[in-house]
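Notes follow the structure.
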Amino acid sequence: MLKSTAVETAVGHVWFSSEPLADGPAVLLIHGAMRTTDEMQPVARRLRNCVFGHLPAHGVPALEGANLDLWSRAFATAASAYFRGRPVVLAGESLGALVCLGMARFPVPGLLSVVAVEPPLSYSWPLEAAALPAWLKDMLRDDHRPLLASSRIPVTVVAGDAPLHPPRPLASTPSLLSDEDRQGVASLEVLAGGHQLMTENPEGCAAIVRRHLAQYAGVQAG
């Protein structure tokens with residue numbers, strides 16, 4: 001059964017949920033905007049020692065501010081207290097992936113690497129068309145590509161193969177990574193699907209996380 005824990009930071013509480021963890025490295029899964037930890041379950045079931053991070057104002061209280069730098073700093077502070085140096089692979093989707101990339105700028109003990117699934121590195125037409133609150137759209141408008149260069153730990157960006165352009169009516173959201181975004185990524189993996197890859201292709205996402213655990217924590221890949 002999941003146990004929820006609120007970790008105090010200077011700007012409010014950051015919430016984590018997990019079942020009891022066994023020995024060894026953990027995986028911190030952070031969901032995307034207007035999503036919940038429920039959508040992370042298909043990936044979590046394929047991994048061990050998963051901890052869910054709850055985005056502020058997504059079923060948990062908001063922090064004292066709504067910008068990526070503040071959220072990332074708060075999550076980095078909270079992760080330091082929560083994991084206490086345990087080796088951790090960060091794996092986030094969409095806005096959660098940007099939070100993971102932001103966290104990777106800070107010297108959090110134990111952080112091994114980042115699997116950033118469909119991070120919206122630049123603002124694009126599906127985001128403008130999406131029914132998102134104005135404050136969330138404001139968070140996503142900045143150019144987030146510099147986060148890749150500022151990471152202290154290895155980063156793999158995971159993109160869907162459903163192309164972003166041209167703008168068109170679609171039943172589901174395509175990849176939010178443009179060709180230009182992809183060209184600036186040092187380690188890029190492409191999976192079948194669109195933007196919500198953790199739902200559309202959970203095995204592909206979990207396999208990449210398992211490879212990170214094998215490479216950076218010495219865990220045998222399953």
Side-chain angles (χ1 to χ4, degrees), residues 28-35 39-40 43 53 55-56 58 65-76 89-106 108 111-168 170 172-201 204-205 208-209 212:
L28 175 58
L29 292 172
I30 305 180
H31 61 86
M34 308 305 291
R35 302 257 277 171
E39 282 87 9
M40 305 294 98
V43 173
L55 288 183
H58 287 69
N67 65 75
L68 185 62
D69 181 68
L70 182 146
W71 283 19
S72 300
R73 289 175 182 273
F75 266 84
V89 169
L90 303 178
E93 68 153 22
S94 193
L95 179 55
L98 292 180
V99 171
C100 289
L101 291 172
M103 291 174 66
R105 298 172 299 160
F106 302 107
V108 179
L111 290 194
L112 298 172
S113 64
V114 178
V115 177
V117 179
E118 277 286 312
L121 297 175
S122 53
Y123 199 67
S124 56
W125 67 267
L127 292 173
E128 184 60 32
L132 295 175
W135 64 271
L136 270 176
K137 288 190 177 183
D138 288 343
M139 285 187 71
L140 297 169
R141 288 185 195 280
D142 291 338
D143 181 357
H144 296 111
R145 288 172 288 190
L147 289 173
L148 297 173
S150 61
S151 177
R152 293 169 170 261
I153 54 179
V155 173
T156 293
V157 172
V158 185
D161 65 359
L164 172 63
H165 294 297
R168 61 210 186 272
L170 291 168
S172 60
T173 307
S175 173
L176 296 188
L177 290 158
S178 67
D179 290 343
E180 183 180 359
D181 291 335
R182 295 173 192 232
Q183 289 168 5
V185 175
S187 176
L188 175 70
E189 300 217 23
V190 179
L191 297 178
H195 180 58
Q196 295 180 336
L197 284 175
M198 286 200 176
T199 300
E200 298 173 27
N201 197 333
C205 293
I208 295 170
V209 174
H212 271 242

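All heavy atoms count here, side chains included; hydrogens, waters and symmetry mates do not.
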Checklist outcome for this item: Between Leu164 and Trp125, the two heavy atoms sitting closest are O-NE1, 2.9 Å
Next on the checklist: If you apply the rule side-chain contact (heavy atoms from CB on, under 4.5 Å), what do you find for Arg182 with Val190, and how did you get there?
Outcome noted: CA-CA 10 Å; Arg182 295 173 192 232; Val190 179; 3.9 Å; yes
Checklist entry - Is Arg145 reaching over with its side chain to a backbone N or O of Asp143, donor-acceptor style, under 3.5 angstrom? => result no
Item to check | Exam field: side chain Arg105 to backbone Ser151, donor-acceptor pair closer than 3.5 Å | outcome: no
Checklist outcome for this item: Here the pair of heavy atoms bringing Ala33 nearest to Leu55 is N-CD1, 4.0 Å
Item to check | Min side-chain heavy-atom separation Leu95-Leu68 under 4.5 Å | outcome: yes
Next on the checklist: Using side-chain contact (heavy atoms from CB on, under 4.5 Å), reason through Asp138 and Arg141 one step at a time and then give a plain yes or no.
Outcome noted: CA-CA 5 Å; Asp138 288 343; Arg141 288 185 195 280; 3.4 Å; yes
Checklist entry - Can you name the nearest heavy-atom pair linking Met139 to Asn67, along with the distance? => result CE-C, 3.6 Å
Checklist entry - Got a donor-acceptor contact below 3.5 angstrom from the Trp71 side chain to the Gly65 backbone? => result yes
Checklist entry - If you round to the nearest 0.5 Å, how far is CD1 of Ile30 from CZ of Phe75? => result 5.0 Å
Checklist entry - Is the closest side-chain heavy-atom distance between Met198 and Ser94 below 4.5 Å? => result no
Checklist entry - Of Asn201, Val185, Val209, Leu191, which meets side chain to side chain contact (heavy atoms under 4.5 Å, CB included) against Val158? => result Leu191
Checklist entry - His31 and His58: side-chain contact (heavy atoms from CB on, under 4.5 Å), yes or no, with the steps? => result CA-CA 10 Å; His31 61 86; His58 287 69; 3.7 Å; yes
Next on the checklist: So Leu176 and Ser122, do their side chains get closer than 4.5 Å, heavy atoms only?
Outcome noted: no
Next on the checklist: Using every non-hydrogen atom in the two residues, find where Ser72 and Gly102 come nearest and quote the distance to one decimal.
Outcome noted: OG-CA, 3.4 Å
Checklist entry - Can you name the nearest heavy-atom pair linking Ala162 to Gly194, along with the distance? => result CB-CA, 4.0 Å
Checklist entry - Side chains of Asp181 and Ser178: is there a donor and an acceptor less than 3.5 Å apart? => result yes
Next on the checklist: Just by distance, no angles: are the side chains of Glu118 and His195 close enough, under 3.5 Å, to form a donor-acceptor pair?
Outcome noted: yes
Next on the checklist: Could you check whether any side-chain heavy atom of Leu148 comes within less than 4.5 Å of a side-chain heavy atom of Leu101, counting everything from C-beta outward?
Outcome noted: yes
Checklist entry - For the residue pair Thr156 and Ser187, what are the closest heavy atoms and their distance? => result OG1-OG, 3.1 Å
Item to check | Derivation and outcome, side-chain contact (heavy atoms from CB on, under 4.5 Å), residues Met34 and Leu132 | outcome: CA-CA 8 Å; Met34 308 305 291; Leu132 295 175; 3.3 Å; yes
Item to check | Minimum side-chain heavy-atom gap Leu98-Leu140 below 4.5 Å | outcome: yes
Checklist entry - Are any of the side-chain heavy atoms of Arg152 and Met103 separated by less than 4.5 Å? => result no
